[in-house]
2 protein chains.
Amino acid sequence: MMLSQTEENYLKAIYSLAYANSNNVSTTLISEAIKTKASSVTDMIQKLAEKDLVHYKKYQGVSLTEIGQKIAVEIVRKHRLWEVFLLNKLDYNWDEVHELAEQLEHIKSETLIDKLEAFLEFPTHDPHGDPIPDKEGNIKHHNDTMLSSVETGKSCIVIGIKDSSDPFLKFLDKLQIQLGNTLKVISKEPFDNSMLVETTIGSISISNQISKNIFVKNL
Amino acid sequence: MMLSQTEENYLKAIYSLAYANSNNVSTTLISEAIKTKASSVTDMIQKLAEKDLVHYKKYQGVSLTEIGQKIAVEIVRKHRLWEVFLLNKLDYNWDEVHELAEQLEHIKSETLIDKLEAFLEFPTHDPHGDPIPDKEGNIKHHNDTMLSSVETGKSCIVIGIKDSSDPFLKFLDKLQIQLGNTLKVISKEPFDNSMLVETTIGSISISNQISKNIFVKNL
DNA sequence: ATTTATTTTTAGACTTATCTAAATTATTTT
DNA sequence: AAAATAATTTAGATAAGTCTAAAAATAAAT
Ligand SMILES: [Mn+2]
Ligand SMILES: [Mn+2]
Ligand SMILES: [Mn+2]
Ligand SMILES: [Mn+2]
């Protein structure tokens with residue numbers, strides 16, 4: 001099946017929205033993610049339904065079919081492998097790779113992405129800690145433990161970033177928080193749910209907005 | 001100036017046709033190169049003329065403006081650097097890289113291609129021996145000496161391939177002729193202009209069709 | 001249970017890039 | 001120089017993806 005970049009972007013958006021929201025994905029939600037009008041989304045999901053890539057009943061939202069899901073995961077795989085390439089080989093920063101990967105993920109080839117994967121020595125996660133699906137589409141999601149839920153006095157390791165937006169990543173750079181870092185929760189402030197955290201550069205105060213967007217593994 | 005992939009492809013086609021034909025490029029020639037109808041080409045060149053990327057007078061064909069030329073060379077640069085990447089880093093064969101580079105050359109980024117160039121350690125030529133333009137758009141064309149014009153008894157080095165089509169490259173693979181190889185012309189057959197050539201695997205007969213598509217440097 | 005507000009879909013229009021068929025201009029041949 | 005042929009352009013149509021505005025359906029509020 002030969003899909004346009006636009007169709008691929010819709011499938012990818014539906015995939016991540018479905019993952020974040022669990023139930024059927026609404027037209028409006030997609031339109032916000034893709035930055036189009038709801039009417040355009042309706043047109044497209046009807047086209048995708050026609051191609052058996054989404055389940056769709058009028059006014060009920062959509063969910064991916066098995067084949068739709070498979071394609072979406074393939075695009076996620078490409079996206080994340082390209083991100084690794086840009087960071088590891090071309091010296092980009094982790095806040096710069098996403099935009100470029102949005103283009104590179106649409107390169108069509110039977111062999112390219114597997115060769116790229118081998119060249120990168122089979123990375124398991126992208127620069128933001130997101131898992132990279134394997135060739136067969138298997139993907140190991142990390143358990144959603146956020147820094148915000150770590151108990152006082154306990155330590156943890158940063159394994160991922162939920163919000164991979166440019167400003168958030170730049171902010172983490174400023175705090176010198178990176179994947180693999182060990183963080184220790186010194187105290188929590190009940191008033192605004194901020195926490196005092198021991199990092200590699202000393203103890204800093206982190207707002208709840210930040211701490212609930214950092215995936216960690218408890219030690 | 002933000003151009004579509006299609007517009008970029010037209011500029012690139014006009015660039016290489018102008019290089020091969022020296023004078024104004026005709027509508028039909030472009031239509032054959034891009035595999036569209038002549039009427040589509042007329043539409044597009046009028047659009048490109050509107051954007052000051054080509055000089056165009058009705059029925060007179062087109063030539064690139066300075067800015068059009070600059071953009072075309074940038075695309076050629078991207079194309080050839082991606083070809084090098086695919087061959088050197090991802091282990092593709094020289095007959096497989098062109099198709100993929102046709103897609104990769106359209107990735108939009110201010111920084112990507114320069115970082116890629118550095119990563120590849122500033123290659124000067126692509127896998128087919130074509131020169132890679134530098135950041136400023138300077139390009140050193142090799143002097144057009146073809147194997148067919150090498151005198152009997154003289155030796156030469158293969159420095160490029162004029163026809164970079166899949167079947168021709170595969171054929172050269174079969175003859176084990178590669179860039180950098182030394183070839184010695186043993187004899188020429190006046191009847192069909194074929195020549196007996198000493199190669200790395202022994203002496204073989206090469207037709208004029210072949211020998212006039214191989215760029216060489218005389219020793 | 002109505003009314004109101006929100007979401008979703010339809011209808012019609014626009015843009016880009018393409019095509020076919022017809023008209024126009026340029027080039028060759030006689 | 002006129003006729004025939006070839007190349008080029010115009011006119012009108014189509015498909016993909018988007019938009020606005022209006023209609024229809026669903027959800028929320030009274
Ligand atoms: Mn990303
Ligand atoms: Mn990522
Ligand atoms: Mn090429
Ligand atoms: Mn090449």
- Query: For A:S39, which contact category applies under a 4.0 Å heavy-atom criterion: base, sugar-phosphate, or nothing?
  - Reply: base
- Contact class for A:S40 (heavy atom, under 4.0 Å): base, sugar-phosphate, or nothing? base
Over how many whole Å does the gap from [X] atom [atom1] to [N] atom [atom2] extend?
{"X": "B:M44", "N": "C:dC19", "atom1": "CE", "atom2": "P", "value": "11 Å"}
{"X": "B:K51", "N": "C:dT16", "atom1": "NZ", "atom2": "P", "value": "8 Å"}
{"X": "B:D43", "N": "D:dT14", "atom1": "CG", "atom2": "P", "value": "16 Å"}
{"X": "A:M2", "N": "D:dA16", "atom1": "CE", "atom2": "P", "value": "14 Å"}
{"X": "B:Q46", "N": "C:dT18", "atom1": "CD", "atom2": "P", "value": "14 Å"}
{"X": "B:K58", "N": "C:dA26", "atom1": "NZ", "atom2": "P", "value": "10 Å"}

[X] has a side chain; which of [options] sits nearest to it?
{"X": "B:Y59", "options": "D:dT18, C:dT9, C:dA26", "value": "C:dA26"}
{"X": "A:I45", "options": "C:dT9, D:dT10, D:dT9", "value": "C:dT9"}
{"X": "B:Y10", "options": "C:dT9, D:dA11, C:dT18", "value": "C:dT18"}
{"X": "A:T36", "options": "D:dT18, C:dT24, C:dT9", "value": "D:dT18"}

- Report yes or no: is there a donor-acceptor pair, N or O only, under 3.5 Å between the side chain of A:T42 and the base of C:dT10? no
- Query: Are any of the side-chain nitrogens in B:E117 or B:R80 under 4.0 Å away from the carboxylate oxygens of its partner?
  - Reply: no
- Item | Phosphate OP1/OP2 of C:dT9 contacted by A:T27 side-chain N/O (<4.0 Å) | yes
